Amino acid sequence: MKLKFILLALLISTVSIAQKSIDEKVSDLLSKMTLKEKIGQMNQYNGFWNVTGPVPEGGDSKVKYDHLANGWVGSMLNVRGVKEVKAVQKIAVENSRLGIPLIIGFDLIHGYKTVFPIPLAESASWDLEAIQLSAELSAKEAAAAGINWTFAPMIDITRDARWGRVMEGAGEDPYLGSLIAAARVRGFQGEDLASPFTIAATAKHFAAYGFAEAGKDYNTVDIGLNTLHNIVLPPFKAAVDAGIKTFMNSFNDLNGIPATADTFLQRELLKGEWNFDGFVVSDWGSIREMIDHGYAKDNNHAGELALLGGSDMDMESSIYIYELEKLIEENKISVAHIDDAVSRILKVKFELGLFEDPYLYCNEEQEKEITGSKEMMDAALEVAKKSIVLLKNENEILPLKKNGVKIGLIGPLAADKNSPLGNWRIGADNNTAISVLEGLKNYKGNDISHAQGVKLINKTPDGFHEEVQINTTDKTGFDEAIALAKKVEVVIMVLGEHGFQSGEGRSRSKLDLPGFQQELLEEVAAVNPNIVLVLMNGRPLILNWAAENIPAIVEAWQLGTQSGNAIAQVLYGDYNPSGKLPMSFPRSVGQLPLYYNHKSTGRPGTEGVDPGSVFWSHYGDEKNSPLYPFGYGLSYSKFEYSKLQLNKTEMTKNSSIKASFTIKNTGKVKGKEIVQLYIQDPFASATRPVKELKGFKAIELEPGATQEVSFTLTESDLKFYSANQKWEAEPGTYHVFIGTDSTSKEKMTFELN
Ligand code: NOJ
């Protein structure tokens with residue numbers, strides 16, 4: 001009996017150890033750690049030597065190696081591949097006193113080895129399932145290569161196409177941006193973070209990095225509470241609600257305070273009001289950069305400000321590891337601050353399953369099987385097709401006939417296998433995209449000849465550093481291209497930005513086609529106007545001349561590994577395009593920042609209607625409207641909207657209102673239309689945008705078919721950050737617009753009581 005009792009007690013205690021909550025496990029471990037070991041968890045280093053080779057002998061790499069072996073490194077970034085990850089993990093786990101595993105971070109901005117479309121392009125699909133799947137498969141492929149944490153999604157709302165990082169985000173709209181943010185978080189993290197196929201995600205850059213003045217990267221941000229809460233923060237809140245595990249703060253100063261040390265953002269809002277229980281990593285060196293900002297006087301001060309501001313992990317400043325102990329001695333920070341940061345980091349490591357198996361993400365067989373698998377390739381092709389936006393199609397020049405046509409394929413990007421991968425594809429091998437030439441050649445019925453026209457100087461030494469240029473000095477390819485254009489029935493021109501022309505640090509002050517491309521386009525058009533212009537670019541470009549003079553324009557962004565196949569299928573009509581722009585395309589740089597959800601001003605005027613005075617909000621030399629608006633995109637089908645109606649004219653706070661309409665495919669082929677619903681609150685305690693997206697649906701219709709479609713609006717769709725500094729819906733009049741893009745004019749009205 002006694003023995004039975006002892007056995008039972010033993011069993012209960014074993015079970016209770018196994019069942020210990022993660023919080024208990026974290027505090028147990030924390031109680032065993034020295035101060036230096038705790039600080040070590042807050043220290044992140046970039047991969048610093050050939051980790052599968054000999055141990056570094058001297059210098060900085062040797063110091064970092066020793067830190068790793070001492071347990072003074074909590075995370076490494078940019079180490080990838082099972083072999084490398086295993087090697088560093090082994091040092092941390094086997095050499096350090098407590099054997100705490102590393103969390104391995106990597107920028108999976110649009111895939112790892114298999115490159116998916118750049119995020120701005122994927123956002124043009126408005127297809128949340130496809131976007132989620134793209135993140136899920138990126139996570140799966142990267143997890144198979146040892147990575148268990150990604151610095152994605154980048155969810156900065158952006159209104160200025162000069163900023164090179166617009167390619168990484170979801171564009172200008174907070175509603176679409178929030179849904180996409182949540183979809184990506186679900187994709188990366190899945191249902192079970194401890195699965196070897198899911199990884200922790202990061203919401204970045206917190207906050208307002210996308211509002212860099214004049215679109216110049218790393219520049220100052222000065223915005224008010226209204227814009228911050230209504231436009232910038234919603235995707236971050238959506239990421240928290242979707243269960244995101246980590247945040248990254250940002251390089252910029254926001255209203256005078258570098259985001260890295262912003263206590264309001266990180267402590268009051270994120271960890272306070274929003275109850276976020278994951279951890280915050282700084283951006284690369286952003287703790288040290290506070291000295292250059294003129295906010296911290298030295299490293300020690302920068303460390304103090306960052307920690308008090310809520311940065312839990314130091315990415316590559318090496319300030320925490322050298323300064324935090326001193327700061328404790330000086331009583332400038334407390335051990336409680338450190339314990340909080342470390343607990344947050346350890347919690348995510350436990351949730352990832354790293355304590356049970358530090359090599360959970362290190363399975364060489366899985367790595368071989370998953371990398372570049374058919375599953376990856378098929379999904380990359382699907383989402384690439386969905387991301388393409390048809391901007392113009394005069395006289396139905398598209399889709400192309402599949403047989404008997406002589407085609408001239410012209411342009412520096414037409415046969416390029418590198419640019420379609422875009423920027424931020426550091427895990428991928430160079431020149432691994434299917435080029436447009438290759439994609440078109442899969443269709444055998446036509447005769448395709450190719451000429452570069454403008455030469456691309458492509459000497460990319462690695463997947464990150466740029467040595468690519470679209471030629472600005474050499475026009476020797478023009479003659480060949482023009483001669484080709486004269487001989488063919490249809491010219492396909494592939495022009496745009498090279499793969500490293502957008503992305504971090506790639507702001508541009510001009511947004512036209514770089515180099516001699518515009519000149520080439522005009523000279524080719526002069527001899528053969530039958531041109532299909534395929535654009536490859538990481539941001540909205542200025543296309544005024546092309547919009548006037550070229551019959552067909554296809555926005556094909558940088559679509560990743562499967563680019564050429566996706567583009568060919570769209571050009572030949574095997575896929576009917578349905579993408580819609582997630583960012584306004586300006587007419588000139590002087591219009592920037594440009595966005596559909598702007599305020600009215602006291603002098604709005606109406607474009608095209610002469611107000612009889614100059615004293616209204618406009619330019620003397622340019623229209624106010626974009627060339628192509630937010631939400632815009634054509635199809636090979638035609639869609640007609642009718643019977644737009646609301647089911648009532650009044651709504652109370654706890655009821656809903658239904659907006660419905662009929663849509664008909666009046667075209668000749670089956671097609672998909674992304675129908676969009678916008679609202680306007682014309683009078684409020686704080687001024688509201690002229691329009692705000694509040695719903696969208698993809699409707700697929702056979703030719704001649706019709707469908708009734710409806711949207712339901714509730715009080716929560718009407719909420720905004722009001723003059724009372726809270727999220728609320730204010731009673732009064734609301735307008736509803738439904739249509740094909742953000743310019744739909746037919747207005748329906750209801751009252752919220
Ligand atoms: C700096 C970038 O701003 C950030 O987005 C990225 O995650 C880090 N570098 C790490 O590569």
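The structure displayed is predicted, hence computed values, not measured ones. Indexing begins at 1, ligand by ligand and atom by atom, following the structure's order.
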Item to check | Top protein contact for atom 4 (C) of ligand 1, by heavy-atom distance | outcome: Asp283 OD1, 3.3 Å
Next on the checklist: Over 60° means perpendicular and under 30° means parallel, so tell me whether Phe247 and Phe236 are parallel, tilted or perpendicular.
Outcome noted: tilted
Next on the checklist: Need the ligand 1 atom indices (1-based, order shown) with element for anything under 4.0 Å from a heavy-atom of Lys204.
Outcome noted: 4 (C), 5 (O), 6 (C), 7 (O)
Checklist entry - Side chains of Glu172 and Ser584: donor-acceptor distance under 3.5 Å anywhere? => result yes
Checklist entry - Going by the atom numbers of ligand 1, which of them fall below 4.0 Å from some non-hydrogen atom of Leu77? => result 10 (C)
Checklist outcome for this item: Nearest non-hydrogen contact to atom 11 (O) of ligand 1 from the set Asp156, Thr150, Asp107 belongs to Asp107
Checklist entry - Does Glu168 have a non-hydrogen atom less than 4.0 Å from ligand 1? => result no
Item to check | Arg165-ligand 1 polar pair, N/O distance under 3.5 Å | outcome: yes
Next on the checklist: Are Phe279 and Trp149, when compared by the centres of their aromatic rings, separated by less than 6.0 Å?
Outcome noted: yes
Next on the checklist: At less than 4.0 angstrom from any non-hydrogen atom of Phe151, what atoms of ligand 1 do you find?
Outcome noted: 7 (O)
Next on the checklist: Would Trp284 count as a polar contact of ligand 1, with the cut-off being nitrogen or oxygen pairs under 3.5 Å?
Outcome noted: no
Next on the checklist: Within the 4.0 Å heavy-atom shell around Met248, which atoms of ligand 1 are there?
Outcome noted: 4 (C), 7 (O)
Checklist entry - Is the closest side-chain heavy-atom distance between Asp314 and Gln44 below 4.5 Å? => result no
Item to check | Lys113/Asp429 ion pair, N-O < 4.0 Å | outcome: yes
Item to check | Any His205 heavy atom less than 4.0 Å from ligand 1 | outcome: yes
Next on the checklist: For a quick test of reading the model, state the closest non-hydrogen atom pair linking Ile319 to Asn299 and the distance between them.
Outcome noted: CG2-O, 3.4 Å
Checklist entry - Should the ring pair Tyr45 and Phe48 be called parallel, tilted or perpendicular, given that the plane angle runs from 0 to 90° and is split at 30 and 60? => result perpendicular
